[in-house]
Amino acid sequence: MTCQSKVAVSPKVTSSFVQDVQAIVGKSNVSTADAVRQQHGHDESYHSTEPPDIVAFAESVDHVSQVARLCNYHGVPLIPFGSGTGLEGGVNAVQGGLCLDVSKMKNILSVNAEDFDCSVESGVTRVQLNNYLRDTGLWFPIDPGADASLCGMCATSASGTNAVRYGTMRENVMNLEVVLADGRVINTAGAGRRTKKTSAGYNLTNLFVGSEGTLGIITKATLRLQGIPEATISATCHFPDVQSAVDTTVQVLQCGIPMARIEFLDEVSIDACNKFSHLDLKVAPSLFFEFHGAEAGLENQTKVVAELVKMNGGSEFRWATDVDERNHLWKARHEILWACMALKPGSKPYSTDVCVPISNLPQVVVRTKQMITEAGIIGPMVGHVGDGNFHVFFPVHYDDHVTLKKVHDVSHKMSLIALELNGTCTGEHGIGIGKRDLLVQEIGAEGLAVMRQLKDTLDPKGIMNPGKVFF
Ligand SMILES: Cc1cc2c(cc1C)N(C[C@H](O)[C@H](O)[C@H](O)COP(=O)(O)OP(=O)(O)OC[C@H]1O[C@@H](n3cnc4c(N)ncnc43)[C@H](O)[C@@H]1O)c1[nH]c(=O)[nH]c(=O)c1N2
Ligand SMILES: CC(=O)C(=O)O
Ligand SMILES: [Mn+2]
């Protein structure tokens, strides 16, 4: 399926503006070619493509600063672009303008093994970093299913399957170098600072984590690293129904088991997974577990969890002990989005992303399952239930308006149920384009007004990624 495209052209991108950009980054780092603009006008979401007028590739923070200053002077929209793996339309150029691709800045600037931290430029991806760390005994555990840029992961406050144990980006970013709309360069914790904690002034670091390119361009991130666990075991098990799988999750967490990962897949997503990733798991609501720690401790942890599974009518564990089996299982989990899209060839992902307090999880999962069944649509359910966060990956076609409407209604109702249950409409993918209407219900009018004030203070001309987070 080609990405339909709507072109929102910014009249301020004149030929002399293009020449000025070329003078900053060099002619070879500027493109107005249609193919390049199209490629930079969408991410992995179902939102139709909205190409920028021009794409510039930055090779240094100085490039970023000068391009920002130029855009700010002319009032040209500026959209930061990391790896384009977002799921909420975050890179779509809804008002045209300049897409600033920061993926060429690929230096791993430092690894301080004795302090468990590192600093990376905006184009470094999570796989690139972990490959680089391979012999250090350290790793960076935040693992969205895509090989995303780490600064893009900061921008969306990303998470993944390891968040149960290691947290999300919010808990693992120590410092950010950010270029503001007017070209100023700041370090959110102070240049070179890399302490595990600080209470020096406002938390500017977490102001930019999750800002989705609307407050500034992140050009460097200082990140917390973890030691590779002594022992790792994975296991899967299946249940008679969704409720018992999610009840088990709640009980495991309430027992204080220090799980590394707990992922829920319903029977539809298991079936998709088997077909796409050549697994032979029983087609039933299932949990994927992973345990990290010292050998001795793992035995006890797995025993307690296996008992809880059994108490809830779950099956015996199917172990994945050797590294190849484990990698196959978790690669299948990481690729489940595509496995679900394969259920409807040529479709694009409409992904939901609600997150609730753990004790409220069974309610929202079971009610979601009912809504999907009543709507008669394909809605595989998958998720980071260890965090109270789960997804439905609806495969949609742009031109199937009937299904799109049903999907949107179920997705909207899911978010309202999550908000009713003290939760959020987005645990990790962000607000982007499609959830702006929910943000005000979630944060409240006053809270949104403060966000708007911060936005207007840092980006008075509104050039930073317009149309995202806010209307
Ligand atoms: C198969 C698959 C599986 C997953 C996911 C995607 C896919 C395709 N994701 C979503 C995605 O990987 C996640 O949102 C990443 O953080 C996006 O990083 P990119 O570099 O691709 O940002 P991308 O280029 O898509 O941009 C995303 C947003 O951040 C902004 N941005 C990007 N780089 C920036 C920078 N340097 N400075 C300022 N703003 C910047 C953009 O403007 C945009 O608004 C995910 N996510 C998740 O949290 N958990 C998960 O489990 C998964 N799983
Ligand atoms: C897409 C996503 O967020 C996941 O697979 O968990
Ligand atoms: Mn996810």
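Residue numbers count from 1 along this sequence. Bear in mind the structure is a predicted one, so any value in this text is a computation, not a measurement. Every number for a ligand or one of its atoms is a count from 1 in the order of the listing.
At least one heavy atom of W338 sits under 4.0 Å from some atom of ligand 1. At least one heavy atom of L87 sits less than 4.0 Å from an atom of ligand 2. Within the structure, ligand 1 lacks M169 among the residues with a heavy atom less than 4.0 angstrom away.
Considering backbone and side-chain atoms together, H429 places an N or O closer than 3.5 Å to an N or O of ligand 2.
Defined by atom type and a distance below 3.5 Å, a donor-acceptor pair is present between the side-chain atoms of R170 and S157.
Under 4.0 Å from ligand 1, the heavy atoms of H429 that appear belong solely to its side chain. Contacts of E44 with ligand 1, taken as heavy-atom pairs under 4.0 Å, involve the side chain alone. When non-hydrogen atoms are compared, ligand 2 lies under 4.0 Å from the side chain of H391 (C-beta onward) but not from its backbone. Using a 4.0 Å cut-off between heavy atoms, T161 makes no contact with ligand 2 at all. Only the side chain of H384 comes within contact range of ligand 1, with a heavy atom under 4.0 Å; no backbone atom does. Both the backbone and the side chain of I218 come within 4.0 Å of ligand 1, counting heavy atoms alone.
Of the residues listed (D266, I336, V268, I270), the one engaging V382 in a side-chain contact (heavy atoms from CB on, under 4.5 Å) is I336, and it is the only one.
Every atom of ligand 1 is numbered from 1 in the order shown, and the set under 4.0 Å from a heavy atom of A155 is 29 (O), 30 (C), 31 (N), 39 (N), 40 (C). The distance from ligand 1 to the heavy atoms of G216 drops below 4.0 Å at these ligand atoms: 38 (C). Against a heavy-atom cut-off of under 4.0 Å, V91 is close to the following atoms of ligand 1: 23 (P), 24 (O), 26 (O), 41 (C), 43 (C).
Relative to the ring axis of F470, R452 places its NZ or CZ within 45° and under 6.0 Å from the centre.
E428 contributes OE2 and H384 contributes NE2; the angle these two atoms make at the Mn ion (ligand 3) is 90°, rounded to 10°.
When you scan the N, O or S atoms of H391 for the one nearest the Mn ion (ligand 3), you land on NE2.
The aromatic rings of H384 and H391 sit perpendicular, their planes meeting at an angle over 60°, well past the 30° parallel limit.
Given atom 4 (C) of ligand 2, the protein heavy atom at minimum distance is R333 NH2, 3.4 Å.
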